[in-house]
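Scroll down for the structure; my scribbles are underneath it.
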Protein chains: 2
Amino acid sequence: MARKISDSTVRRLSRYLRRLRNLDRQEVKVVSSRELAESTGTTAAQVRKDLSHFGSFGKRGHGYAVPELRVRLEEILGLTRRWRVAVLGVGKIGSALLGYGFFAQRGFDVVAAFDSDRTKIGWELSGVRVQPLSELEPTFVDREISIAIIATPVEAAQEVATRAVRAGARAILNFAPIKLHLSPDVAVREMDVTLELEGLCYMVTAAGSAAEDIE
Amino acid sequence: MARKISDSTVRRLSRYLRRLRNLDRQEVKVVSSRELAESTGTTAAQVRKDLSHFGSFGKRGHGYAVPELRVRLEEILGLTRRWRVAVLGVGKIGSALLGYGFFAQRGFDVVAAFDSDRTKIGWELSGVRVQPLSELEPTFVDREISIAIIATPVEAAQEVATRAVRAGARAILNFAPIKLHLSPDVAVREMDVTLELEGLCYMVTAAGSAAEDIE
DNA sequence: ATCTTCTTGTGCTACCTTTCACAAGCGAGA
DNA sequence: TCTCGCTTGTGAAAGGTAGCACAAGAAGAT
Ligand SMILES: NC(=O)c1ccc[n+]([C@@H]2O[C@H](COP(=O)([O-])OP(=O)(O)OC[C@H]3O[C@@H](n4cnc5c(N)ncnc54)[C@H](O)[C@@H]3O)[C@@H](O)[C@H]2O)c1
Ligand SMILES: NC(=O)c1ccc[n+]([C@@H]2O[C@H](COP(=O)([O-])OP(=O)(O)OC[C@H]3O[C@@H](n4cnc5c(N)ncnc54)[C@H](O)[C@@H]3O)[C@@H](O)[C@H]2O)c1
């Protein structure tokens, strides 16, 4: 597993896994690269290429065994363990995330939540108590929290992210619309709704003006 | 503007714009490709190349005029108009989005919200009344809604997306963890938290095993 | 046992994206 | 006006990603 796997490959692997988990629940035993491609929005060749980076999991003329491939993908993505997650900022987005049932199903345990608002501290949402920021560092260490989800206002995002990383977080999922400046060995992913909406606007606008070109 | 601009370029343009809007608010007049690159997580050459697809907006030896470049990027991305948006599914995520103040600031007006839950219909959140699904089609037509945000449970996502498109939506922002199957002239972007978390797990795990390799 | 049918795994190719490197150009200051 | 320092815009090179096409191999039918 020495090769460097690209971000887009990892994203696709995650989509394959999502599909495989559904198939497994439906007790489907076998799936072909073509079927997997169709339900994840890619091509059969791409599926096979992606998987081939990690070994040969399929049977020629037959396809892939669903439970086996599922497990292999979970191993590859590092999902055979559970991950402890903290939510930083318990506002609109933060509390939606605390109530998100799929996390536990997928191996993520939200075990802590922090907010700077005194009136929110002590609240219990979905079994998690909202703690003051002063407890961030000891809680990250004690509970071995690896992933921090940033859901504070944009002004506070950099600061709480830095604190989370110093306290031991190895990965950050950032909902605030700002590029975080962190050590390069910390994994960061952004969830920026406005950026996605703007992308959609470009696509719609560009499609429109391309149509004009043809006329 | 005949050339096809890649998705990753559009994403970066959106980041540049975000930065330019902040600089503009701070009344900064000029910015160099290097500064822009630093605050958006890319390289100076990349910034210049991205912009060069659309023309020459800078002054050599000087940099880019912030307000001008901002306007040019807004034109390119199709953001000189306002966009009407509907939220489908007013649950945890849907109501967080309805309360998100940045949308209006960035040119997006959430003008409608729909839910299948009778008890929610008639609620008013952030000035938007929750409507029954039966009103989806007429409302999309009357209010010329171009963008639908899907925030229903995953089981309902495909159906409401299809309805939104039939009713005139040109773009879909999908929060449900499923690949939507829609006409290729509809722009789609996914917001999948679990997928991003899994990506983070891979990065953390891969970094760990790479470190072992060195030992 | 052989043939047919199907699907995988992969080398090769084509395309696309990013980086490099530098001439061209602008403004400030002498 | 001329020179100097700085930054843009861009062709060319490098690096990476996706698609094609087919040999290899497995299972089931005859
Ligand atoms: N609401 C949305 O739909 C939405 C969508 C996309 C992105 N976002 C982004 O997500 C972030 C949160 O948005 P929101 O709508 O939930 O905001 P919000 O105001 O509802 O919640 C923010 C919470 O963070 C807390 N907070 C403030 N400073 C803090 C600090 N230093 N440490 C810890 N907590 C702190 C506040 O007390 C509040 O509870 C923002 O950056 C926003 O831009 C929100
Ligand atoms: N809560 C989160 O933090 C979170 C995070 C990521 C993704 N998601 C995804 O976003 C979607 C919504 O999640 P949520 O937590 O807000 O769920 P939720 O159950 O709180 O809300 C879903 C809402 O959709 C409504 N609904 C159901 N069927 C509908 C239909 N056919 N048409 C219109 N409305 C319908 C329900 O009445 C409910 O109000 C889900 O697909 C979920 O997987 C949620």
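Note that the structure is predicted; figures quoted are calculated from it, not measured. Computed from heavy atoms alone, side chains included, the values below leave out hydrogens, waters and symmetry copies. Residue numbers begin at 1 in each chain, while the letters A, B, ... track the order of the sequences.
Looking at residues two or more places apart in sequence or on another chain, you find a side chain to side chain donor-acceptor pair (under 3.5 Å) between B:Ser6 and B:Ser8, B:Thr9. Under the side chain to side chain donor-acceptor pair (under 3.5 Å) criterion, A:Ser39 pairs with A:Arg19, sequence neighbours left out.
Near DNA chain C, meaning a heavy atom under 4.0 Å away, the residues from residues 12-24 of chain B are B:Arg12.
Annotation: side-chain hydrogen bond (donor to acceptor under 3.5 Å, both in side chains) contacts involving residues 165-180 of chain A, sequence neighbours excluded, are absent. Pairs of residues two or more places apart, or lying in two chains, that qualify as side-chain hydrogen bond (donor to acceptor under 3.5 Å, both in side chains) and include a residue from residues 97-115 of chain A are A:Arg82-A:Asp109, A:Arg106-B:Glu198. Residue pairs meeting the salt bridge (Lys or Arg N to Asp or Glu O under 4.0 Å) criterion with at least one partner in residues 25-52 of chain A, sequence neighbours excluded, are A:Arg12-A:Asp50.
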Side chains of residues 185-194 of chain A: which donor-acceptor partners sit under 3.5 Å, not counting sequence neighbours?
| from | atom 1 | to | atom 2 | distance (Å) |
| --- | --- | --- | --- | --- |
| A:Asp185 | OD1 | A:Ser183 | OG | 2.1 |
| A:Arg189 | NH1 | B:Glu196 | OE1 | 2.8 |
| A:Glu190 | OE1 | B:Arg15 | NH2 | 3.4 |
| A:Asp192 | OD1 | A:Thr194 | N | 3.1 |
| A:Asp192 | OD1 | A:Leu195 | N | 3.0 |
| A:Asp192 | OD2 | B:Arg18 | NH1 | 2.2 |

Donor-acceptor pairs are to be reported for all side-chain atoms of residues 139-147 of chain B against protein atoms at under 3.5 Å, with residues two or more places apart or in another chain.
| from | atom 1 | to | atom 2 | distance (Å) |
| --- | --- | --- | --- | --- |
| B:Thr139 | OG1 | B:Gln131 | NE2 | 3.2 |
| B:Thr139 | OG1 | B:Glu135 | O | 2.6 |
| B:Glu144 | OE1 | B:Arg84 | NH2 | 3.4 |

Do any side-chain atoms of residues 153-165 of chain A form donor-acceptor pairs under 3.5 angstrom with protein atoms, and if so which ones, sequence neighbours left out?
| from | atom 1 | to | atom 2 | distance (Å) |
| --- | --- | --- | --- | --- |
| A:Gln158 | OE1 | A:His181 | N | 2.9 |
| A:Gln158 | NE2 | A:Thr162 | OG1 | 3.0 |
| A:Gln158 | NE2 | A:His181 | O | 3.1 |
| A:Thr162 | OG1 | A:Gln158 | O | 2.7 |
| A:Arg163 | NE | A:Glu137 | OE2 | 2.8 |
| A:Arg163 | NH2 | A:Leu133 | O | 2.9 |
| A:Arg163 | NH2 | A:Glu137 | OE1 | 3.0 |
| A:Arg163 | NH2 | A:Glu137 | OE2 | 3.4 |

Output side-chain donor-acceptor pairs under 3.5 Å for residues 59-69 of chain A, partner residues at least two apart or in another chain, one line each.
none

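At C:dC26, none of the side-chain N or O atoms of B:Tyr64 fall inside 4.0 Å of OP1 or OP2 (strictly under the cut-off). Residue A:Ser32 places no side-chain N or O under 4.0 Å from the OP1 or OP2 atom of C:dT7. Distances shorter than 4.0 Å separate some side-chain N or O of B:Thr43 from OP1 or OP2 on C:dT19. Listed pair B:Ser33 / D:dT8 meets the phosphate criterion, a side-chain N or O lying under 4.0 Å from OP1 or OP2. Of the side-chain N and O atoms in A:Gln46, one or more sit less than 4.0 angstrom from OP1 or OP2 of D:dG19.
At a cut-off of 3.5 angstrom, counting only N and O atoms as typed in the model, there is no donor on one side facing an acceptor on the other between the side-chain of B:Lys49 and the base of D:dG9.
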### Task
Any chance you could lay out the side-chain contact (heavy atoms from CB on, under 4.5 Å) test for B:Phe108 and B:Leu79, step after step, and finish with the verdict?
CA-CA 9 Å; B:Phe108 300 99; B:Leu79 300 171; 4.2 Å; yes
#### Entry: Contact pattern, 5' to 3', of nucleotides 21-30 of chain D - B, S or - by protein heavy atom under 4.0 Å
B--BBSS---
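A salt bridge is absent between B:Arg81 and B:Glu74: the closest approach of a Lys/Arg side-chain nitrogen to an acidic carboxylate oxygen does not fall below 4.0 angstrom.
Bending across the helix from C:dA1-D:dT30 to C:dA30-D:dT1, expressed as the angle between its end axes from five pairs apiece, amounts to 0° (10° rounding).
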